[in-house]
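Down below is the structure, laid out as structure tokens.
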Amino acid sequence: MTSDPTEPVGSPRRLDFTKGHGTENDFVLVPDAQGSIPLSPSEVAWLADRRAGIGGDGVIRVVPTALAGEPAVMDQASDARWFMDYRNADGSVAEMCGNGTRVFAAYLRREGLEQDPEFAIATRAGLKHVRVGAGGGHGDGGHGGDGRGAGARETGETAYAVNLGPWRLSSPAEAAAQGSDALVKVDDHEAVPALSLDLGNPHTVVMLPAGRELDELDLTRAPLVQPTPLEGTNVEFVQVLGPGHIRMRVHERGVGETRSCGTGAAAAALAVRWWAGGGDAGADGAPRDQVTDLWRVDVPGGTVHVRALPGDQVELSGPAALVADGTVELPPRR
């Protein structure tokens, strides 16, 4: 049973929901086939609350693209039947979420809303193209032979690869001149240089300096970023483990530290690749063919893979799991 937007103020509202996660970056999905379930910021925050509500890093409303109510999204309806209406845990509207796209795709497949092995989904950051059963792990050529990618085989979950679309440096001239374009300060340590990237949502990537341990960072508070981004930013802290292999922790805007961040993993890999000379204006001018395009990114919640594609696009692959379904009664509106 779903809610009726004509219900009077103070009436209980019941919602069907599904709980899912991608490398433990977890979401509450709310099906809205009629485009008739408006969720206020406070209701989103309640759904995402791990004590009072269901709990999640974000909330995704599953709505037909043609009924999105946002012109820029509805323009995508001819290419994508379903819109991923993504909200941060604090109730704020967000462009999209990399791990969320995989969970969204898994839901569409389970419900029979998409049946092809490749399809597009609509987001506020444009169309995102999904391949089901696509790996992306080292040595599999981007296609897991058993329908699961390298990370998914470890968990028994189906893998999904999502072309996240174009990425860019936020301040390319400054980055090319200095190797960075921002400063990030966390806990009581001195500010360190960072690189800002735009993947449809904002990211600021920090390569940890020698002597700093990734596990010791205090991310209970938002890192301080200078210059301060107008719309906030996700902040990724990276440690290189080997060629094409990094570890990452992330503080997401509007959420806090999460167990994983898909676009954050892509931003982290692209930043390290750029620092190694893999961009069109690489930090040291190294030839592109000496820099790997395929990266393994280990996060607290598991492993995802990132592939740098031609035309400054990027693909993210990894597992997605749907773990629970139910019905919840929202607090009365005031």
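Basis for what follows: all heavy atoms, side chains included, without hydrogens, waters or symmetry-related copies.
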[X] and [Y]: which non-hydrogen atoms are nearest, and at how many Å?
{"X": "Gly58", "Y": "Tyr86", "answer": "CA-OH, 3.6 Å"}
{"X": "Thr65", "Y": "Gln76", "answer": "CG2-C, 4.0 Å"}
{"X": "Ala68", "Y": "Arg61", "answer": "O-NH2, 4.2 Å"}
{"X": "Ala182", "Y": "Thr204", "answer": "CB-CG2, 4.3 Å"}

Could you tell me if the side chain of [Y] sits less than 4.5 Å from the side chain of [X], heavy atoms only?
{"X": "Arg124", "Y": "Met96", "value": "no"}
{"X": "Pro331", "Y": "Trp46", "value": "yes"}
{"X": "Val299", "Y": "Arg247", "value": "no"}
{"X": "Asp32", "Y": "Val62", "value": "no"}
{"X": "Leu183", "Y": "Val192", "value": "no"}

Using 0.5 Å steps for rounding, measure from the [atom1] atom of [X] to the [atom2] atom of [Y].
{"X": "Arg102", "Y": "Asn25", "atom1": "CZ", "atom2": "CG", "result": "8.5 Å"}
{"X": "Asp293", "Y": "Leu309", "atom1": "CG", "atom2": "CG", "result": "8.5 Å"}
{"X": "His129", "Y": "Thr101", "atom1": "NE2", "atom2": "OG1", "result": "12.0 Å"}

Side chains of [X] and [Y], donor plus acceptor under 3.5 Å:
{"X": "Ser196", "Y": "Asp181", "answer": "yes"}
{"X": "His245", "Y": "Asp298", "answer": "yes"}
{"X": "Asp218", "Y": "Thr220", "answer": "yes"}
{"X": "Ser260", "Y": "Glu24", "answer": "no"}
{"X": "Gln313", "Y": "Asn163", "answer": "yes"}
{"X": "Asp198", "Y": "Ser170", "answer": "no"}

- Between Asn99 and Val304, is a side-chain contact (heavy atoms from CB on, under 4.5 Å) present by the stated rule, with each step listed? CA-CA 9 Å; Asn99 287 328; Val304 296; 4.3 Å; yes

- Show your reasoning for whether salt bridge (charged side-chain N to carboxylate O under 4.0 Å, His left out) applies to Arg14 and Glu329. CA-CA 4 Å; Arg14 297 178 67 84; Glu329 187 172 293; 3.5 Å; yes

- Task: From the options Arg307, Arg273, His305, select the one residue that forms a side chain to side chain contact (heavy atoms under 4.5 Å, CB included) with Trp295.
- Result: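 With Trp295 as partner, Arg307, Arg273, His305 yield a single side chain to side chain contact (heavy atoms under 4.5 Å, CB included), made by Arg273.
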
Under a 4.0 Å threshold between the charged nitrogen and the carboxylate oxygen, would [Y] count as salt-bridged to [X]?
{"X": "Asp57", "Y": "Arg50", "value": "yes"}
{"X": "Arg253", "Y": "Glu236", "value": "no"}
{"X": "Asp116", "Y": "Arg131", "value": "no"}

- Query: Can you list the steps and then say if Leu214 with Leu208 is a side-chain contact (heavy atoms from CB on, under 4.5 Å)?
  - Reply: CA-CA 7 Å; Leu214 190 63; Leu208 283 186; 3.7 Å; yes

- Query: Is there a side-chain contact (heavy atoms from CB on, under 4.5 Å) between Val235 and Val225 once you walk through the steps?
  - Reply: CA-CA 9 Å; Val235 183; Val225 180; 3.8 Å; yes

- Might you work through the side-chain contact (heavy atoms from CB on, under 4.5 Å) test for Phe27 and Cys97, ending with a clear yes or no? CA-CA 10 Å; Phe27 312 96; Cys97 169; 3.5 Å; yes

